[in-house]
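Heads up, the thing below is written out as structure tokens.
Letters A, B, ... are given to chains in the order of the sequence lines, protein chains preceding strands, and every chain is numbered from 1. The figures that follow rest on heavy atoms only: side chains count, while hydrogens, waters and symmetry mates do not.
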Number of protein chains: 2
Amino acid sequence: MNIYDIAKEAGVSPATVSRVINGNKNVREETRRKVLEVIKENNYAPSSVARNLSIGESQNIAFIVPDVENPFFSKVLQGITDKASEFNYNVFMFGTKEDSEREHRILESLKAELIKGLIIIPVSEIDKETAFRLKNFEKAGIPVVLLDRDIKGSSFDGVFSEDIQGAFEAVECLINEGHRKIAIISGPDTSRPGHDRVEGYKMALTSHQIPINEDYIVNGKFLEEESYNAIKTLMELEDPPTAVFSSNNMTTLGCLRYLKENGMKLVEDISLVGFDDIKELEYTDINLTVVARPVYEMGKEVMELLERRFRYKQEGDKQKVVTRRNYVKTWLIKRGSEKYKKFQEGNINE
Amino acid sequence: MNIYDIAKEAGVSPATVSRVINGNKNVREETRRKVLEVIKENNYAPSSVARNLSIGESQNIAFIVPDVENPFFSKVLQGITDKASEFNYNVFMFGTKEDSEREHRILESLKAELIKGLIIIPVSEIDKETAFRLKNFEKAGIPVVLLDRDIKGSSFDGVFSEDIQGAFEAVECLINEGHRKIAIISGPDTSRPGHDRVEGYKMALTSHQIPINEDYIVNGKFLEEESYNAIKTLMELEDPPTAVFSSNNMTTLGCLRYLKENGMKLVEDISLVGFDDIKELEYTDINLTVVARPVYEMGKEVMELLERRFRYKQEGDKQKVVTRRNYVKTWLIKRGSEKYKKFQEGNINE
DNA sequence: CACTCGTTTGTAACCGCTTTCATATTATGA
DNA sequence: TCATAATATGAAAGCGGTTACAAACGAGTG
């Protein structure tokens, strides 16, 4: 059942059926009614593939994420799809598993796909090939928007968070509690969140005249297993830190596992502040202080930036649209895990 | 840049280019090389939209889930996409938010989409419209596979879990600990997991000669908020249960929130067994006993069932392919939350 | 060398929709 | 009532591939 069949049955031409479907006003009311009736009777839905081919455009948006399982991404996806459905866009998601190779392959296969736009959390901010491929999409008229992570030297739109400030507050909050030996479990410094959170960490220390101890900076790669090893390393130092800033949610889980396995208690044995909230912990004894972000809203915003590009393209790209990079604010949720045991015990003046 | 451009530049016909792209053997080696060279030079990728239109088929699979945020679904998605990528299928995901209306709209819009197959966790097992629409997909040659939830009276393939048995074991484990006053926070009984888990619960009680107390069966609709209210109701009974079987992961979170807010401790004040593991709890003091399922594998399996349908279709549907309904086994992970305080205190013989 | 036969290649129709352009129809005003 | 403008409709080409069919080519054979 195609548009010709409908046309025949309604006694009109396919062009007219097409007009009815697309809400063209130049159709007699009576004709329109007849056509709609036939469409309904036959339970007909026009092939979007044929339509896409014909108009050279689709309503499909690709979303490329490094890790499908991380709750950050599912939450952000929620925001994206909610916003997307307002505009009747479909979102396909692809997982790179933090593997640049896979990312390239996905981008390669996307070249064939006639997508309307592309949202990506790139694996690495310095990967030349990804940067190149993304640029090609833009050249081909397919807008690209970055999420959370950046691409060095690029001028794509993007939605990020104020990670430096967030990390700064996290660490400062530990300092205010009296901590001086504060470690960070960092992430890949080929990613903006990775190095920015370290930067915020260092800034906080420096601005409080605390010297930076390189032994207290251990890379957990934003992975649970690595982070487990990272905190282990920290705790086995001769002079272990009294507090740890865990710069990612997976990292935090790794830390918690280490603590549990070694019978260590938050505050009691170690203070901890995390980055990105972990909903499930709310219901447990782990009252974790974290830097939180408006994750869902970031998803909506990234979709809005994309939509803005579409609009400008349609309006004829009057002038070059200026790049927009939105930085959302983070906030600290204090739940107690930042507290310093020594201080609690009355030793207020250190 | 299309197939004609490539053809011209390579000095061959578009048909030949098409043959090269699709690996047709009837192409002289020299010609093939030349064409591939031109393709590479021009960084050309054939439009999959045009291809799909032409061959009347795509590599796209739709996956419809009720709740994008539930970790069960992200895990299962992982399994689906991992398997799908083996066959070079793309997966689009749609969220119904447990709303049948939305589900219908999604299915409606999918009619236009030329998809290869459909995986769905339907909102309700008794929704006539969804059932009807799904049947239409099958009639149109688009295989449908169910996941986790069922459609009453349908004969779609599906991957489910042995929920009755799982619930049975959960409750029996409580009974073995000495509990007699065991409640269940149930789910929507318009879904297979919803009523099956209740059934397993009842079976366990009955088989141990424990009478079923309807006051102890409260519906939490598999939602956190509702489940919070459900356990509240239970705890406010004159004769509250000593143990609760929480039949879903969101339900469990609702319970945990109630306990925390009311300063109640697991085992100490109440025993709890959940359905579906919650990874994050592993790192906390909440040593929750749960019924676990091979969630990731369920995702892979559902994709395999779909692929099987594709294969049979290609092989000409020799005979009617028999419906396959796979039930995966659950297992109990005992972590201690099933323990019965009274018994621990030495009161072994009740 | 003529004749088959199998391999390569090209032509053109088709997939189902959109859209331009020309034509038919209707409404408007003198 | 008729010229003219505005509106409604249809024919056909095009989007970028695939593929049936026919034609060209080259090798092997008598």
Side-chain angles (χ1 to χ4, degrees), chain A residues 1-36 38-39 42-60 88 109-116 140-142 314, chain B residues 1-36 38-39 42-60 88 109-116 140-142 314:
Chain A
M1 173 101 337
N2 60 28
I3 204 171
Y4 287 87
D5 300 324
I6 299 296
K8 196 176 299 173
E9 200 170 323
V12 300
S13 76
T16 298
V17 176
S18 176
R19 290 194 185 94
V20 170
I21 290 169
N22 295 292
N24 186 310
K25 52 261 132 219
N26 289 338
V27 179
R28 198 150 38 105
E29 195 46 39
E30 192 191 327
T31 314
R32 175 186 315 280
R33 243 196 298 276
K34 177 63 185 163
V35 169
L36 286 176
V38 175
I39 288 179
N42 289 283
N43 192 27
Y44 163 77
S47 155
S48 78
V49 172
R51 171 162 221 277
N52 291 346
L53 176 60
S54 184
I55 66 178
E57 185 181 318
S58 83
Q59 299 293 92
N60 296 335
N88 279 310
S109 77
L110 245 33
K111 283 199 321 193
E113 282 301 339
L114 188 54
I115 52 177
K116 192 182 179 77
I142 298 169
Q314 216 178 15
Chain B
M1 173 100 338
N2 60 28
I3 204 170
Y4 289 88
D5 300 324
I6 298 294
K8 195 174 300 173
E9 201 170 321
V12 300
S13 75
T16 297
V17 177
S18 177
R19 289 193 187 96
V20 171
I21 290 170
N22 294 292
N24 187 312
K25 49 264 133 219
N26 289 338
V27 180
R28 201 152 36 104
E29 195 46 38
E30 192 191 324
T31 314
R32 176 188 312 281
R33 243 197 297 277
K34 176 64 186 164
V35 169
L36 286 176
V38 175
I39 287 179
N42 289 282
N43 193 25
Y44 163 77
S47 155
S48 78
V49 173
R51 170 164 220 277
N52 291 347
L53 175 60
S54 185
I55 67 178
E57 184 180 320
S58 83
Q59 298 293 91
N60 297 334
N88 279 311
S109 76
L110 245 34
K111 284 200 319 194
E113 283 301 340
L114 187 53
I115 52 177
K116 192 181 181 76
I142 299 169
Q314 217 176 14

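- B/E29 CD: more than 12 foreign heavy atoms inside a 6.0 Å radius.
- Rounded to a whole Å, the CZ atom of B/R32 is 14 Å from the P atom of C/dT7.
- In this model, the phosphate group of D/dG17 is not approached by any side-chain N or O of B/S54 to a distance below 4.0 Å at OP1 or OP2.
- Atom pair B/R28:CZ and D/dG26:C1' shows a separation of 10 Å (rounding to whole Å applied).
- Both B/A15 and A/S48 sit near DNA chain C, but only B/A15 has its closest nucleotide nearer the 5' end.
- Applying the 4.0 Å criterion to OP1 and OP2 of C/dT18, one finds that A/S18 has a side-chain N or O inside that range.
- Note: OH (B/Y4) to C1' (C/dA12) measures 9 Å, nearest angstrom.
- In terms of phosphate contacts, B/T16 brings a side-chain nitrogen or oxygen within less than 4.0 Å of OP1 or OP2 of C/dG10.
- Taking side-chain N and O atoms only, A/R19 has no distance below 4.0 Å to OP1 or OP2 of D/dT9.
- Within the 4.0 angstrom heavy-atom criterion, only backbone atoms of the sugar-phosphate kind lie near A/I55; the bases stay farther away.
- Within the structure, a side-chain polar atom (N or O) of A/R51 is placed less than 4.0 Å from OP1 or OP2 of C/dT18.
- For the OP1/OP2 pair of C/dC15 and a distance below 4.0 Å, the side-chain nitrogens and oxygens of B/N52 include no atom meeting the criterion.
- Between the side chain of B/S58 and the backbone N or O of B/N52, no donor-acceptor pair lies under 3.5 Å.
- At whole-Å resolution of the value, CD1 in B/I3 and P in C/dA12 are 17 Å apart.
- Remark: B/T31 is not in phosphate contact with C/dT8, judged by side-chain N or O atoms under 4.0 Å from OP1 or OP2.
- Between the side chains of A/N24 and A/R32, no donor-acceptor pair is found at a separation under 3.5 Å.
- Within the structure, a side-chain polar atom (N or O) of A/Y44 is placed less than 4.0 Å from OP1 or OP2 of C/dC17.
- Across the protein-nucleic acid pair, B/E29 atom CD and C/dT7 atom P stand 15 Å apart, rounded to whole Å.
- In this structure, A/N26 places its CG atom 14 Å from C1' of C/dA27, rounding to the nearest Å.
- Taking atom CE of A/M1 as the reference point, atom P of C/dC17 lies 10 Å away to the nearest angstrom.
- At least one donor-acceptor pair closer than 3.5 Å links the side chain of B/S47 to the backbone N or O of B/A50.
- Heavy atoms of B/V12 sit under 4.0 angstrom from primed sugar atoms or phosphate atoms, though from no base atom.
- Rounded to an integer number of Å, the gap from A/E30 CD to C/dT25 P is 15 Å.
- Panel note: side chain A/D5, backbone A/N2; a donor-acceptor pair is recorded below 3.5 Å.
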